[in-house]
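What follows is a set of notes on a single structure, which appears directly below.
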There are 2 protein chains.
Amino acid sequence: METRIEKIKQQLQAQGYKLTPQREATVRVLLENEEDHLSAEDVFMLVKEIAPEIGLATVYRTLELLTELHVVEKMNFGDGVARYDLRGDNSKHHHHHLICVQCGSVDEIMEDWLLPLEHRLEQEYHFTVLDHRLDFQGICHRCNEKNKKS
Amino acid sequence: METRIEKIKQQLQAQGYKLTPQREATVRVLLENEEDHLSAEDVFMLVKEIAPEIGLATVYRTLELLTELHVVEKMNFGDGVARYDLRGDNSKHHHHHLICVQCGSVDEIMEDWLLPLEHRLEQEYHFTVLDHRLDFQGICHRCNEKNKKS
DNA sequence: GTGGTTGCAAAACGTTTGCAGAATG
DNA sequence: CATTCTGCAAACGTTTTGCAACCAC
C-alpha cells in the first residue's frame, strides 16, 4: 500500500508534478476502494473524511491528472457520471464488466478472453489494437439467486 | 426506406404515439446517416435542414422515445455526449466498435464473436447475459496506411 | 521568487423539465 | 374535445475554468 503510493509519487515527480496532501488523500481513497467504481462525487465525499478542506475541483483535477498518467482509468457506464478505477500494475488493463440491470452492481472479470479476437482484427481489418473494453449487461448471480426464491 | 418509416410508424402507434412531422424528420435523418454515430446535437442540426422550426428538446424527446421502443440505440463513447444509432431489424443488436484514437472514427464490426464467452459467463459466473458491448481502441486501417507513408 | 497547486465561485456543458399554446385524431 | 405534442426558456447535475492566494523547492 505504502509502496504503491511511493510508486505513484515517483510517477508524478517524473513529470514534474508533486504528491500534495490532497492528491495523496485522493489516491488513498482509491486504494481503499479498489473494488468499486467511484464517481468523482463519491471520491470527493470519501476524501473529505480524511482532508475536510479539499475542494471538489481539486478532486476532479487530481483524477484527470491520474488518468493522464494512466494511474487510474476513467470510464463511463452510461449513467451521466464518469467513474474512476485504479489501474493494476500490469501496463495493459483489461476491463471486463458484468453490469447487473437489476441491482446496478458492477463486477469485474480479470481474465483476458480477447487476444484471439485482437489477432483477427489486426489481420482482417488492419486495425491496430491498443486497448479494449468489454461490458456485459444482464442479471448477476446474486439477483439470479434472489429471483429463484421469489 | 419508406417501408422502414412505415414500420416505425406502426411501432409508435401500437403504443399510442404519433409519427409527427418532427419525429418523421428525425427518423429520416437517422436513416440517411445510418453509418454514423450521431450525437443529439448532430441530429438536431441535420433535422433543422428539413424542419427548421424544430427545437432541440423535441429532438431529445424523440430520441428518448425511439430508444424506449428499441428503434434506436443510445450509446456512450466516453466523450461527454450520448450517441444514437438506428437498430437493425434483428432484435439483438451487437455493437462492436473500432474506435480510432488518432482520427476519432468509429467503425463497426457486425460479426458476433462473443457467444462462446457468454456461455462461459453463464456457467462459471452464473451471470445471465442480456446484452453486451465490445469496443476496441486503436489505430484504424486508414490511419495505419497514412502513417506508413510519412 | 518562480511555478505548480489550491479553494472558491462562476461558467460551461449536455440534457431534462415546466409550461402555455398548437396540432392531432 | 381530450390528449398528445411542440417550442421556448429555465433548471438541472456534472465537469471545467478563472482567479487570487498559497505553498514548496
Within residues 11-35 of chain B: residues closer than 4.0 Å to DNA chain D (heavy atoms): B:Tyr17, B:Lys18, B:Thr20, B:Gln22, B:Arg23
Donor-acceptor contact below 3.5 Å, side chain A:Thr62 vs main chain A:Thr58: yes
Ring centres under 6.0 angstrom apart (B:His141, A:Phe127): no
Residues from residues 62-71 of chain A lying under 4.0 Å of DNA chain C - heavy atoms: none
pair A:Val71-A:Leu86: side-chain heavy atoms closer than 4.5 Å: yes
Span of DNA chain C, from the first to the last nucleotide whose atoms fall under 4.0 Å of chain B heavy atoms: C:dG14 to C:dT24
Residue pair A:Ile5 / A:Arg28, side-chain heavy-atom distance below 4.5 Å: yes
B:His96 versus B:Glu108, side-chain donor and acceptor atoms under 3.5 Å: no
Which residues share a salt bridge (charged side-chain N to carboxylate O under 4.0 Å, His left out) with B:Arg142, sequence neighbours left out: B:Asp107
salt_bridge(A:Arg87, A:Asp131) N-O dist < 4.0 Å: yes
Five-pair end axes of the helix from C:dG1-D:dC25 to C:dG25-D:dC1 and the angle they enclose, rounded to 10°: 20°
Shortest non-hydrogen separation from A:Leu69 to A:Gln11 and the atoms involved: O-NE2, 3.6 Å
Any donor-acceptor N or O pair under 3.5 Å, side chains A:His97, A:Asp135: yes
Contacting residues from residues 48-61 of chain A, given that a heavy atom lies under 4.0 angstrom of DNA chain D: A:Leu56, A:Ala57, A:Tyr60, A:Arg61
Flag if over 12 foreign heavy atoms under 6.0 Å of OH, A:Tyr125: yes
A:Gly78 to B:Asn76 - nearest heavy-atom pair and separation: CA-ND2, 4.1 Å
In one Ile/Leu/Val/Met/Phe/Trp/Tyr side-chain cluster, 4.5 Å: B:Val43, B:Leu31: yes
Atom of A:Glu41, atom of A:Leu56 and distance for their closest heavy-atom approach: OE1-CD2, 4.2 Å
Backbone N/O of B:Met75 and side chain of B:Arg83: donor-acceptor pair under 3.5 Å: no
A:Glu34 and A:Arg4 ion-paired at < 4.0 Å: yes
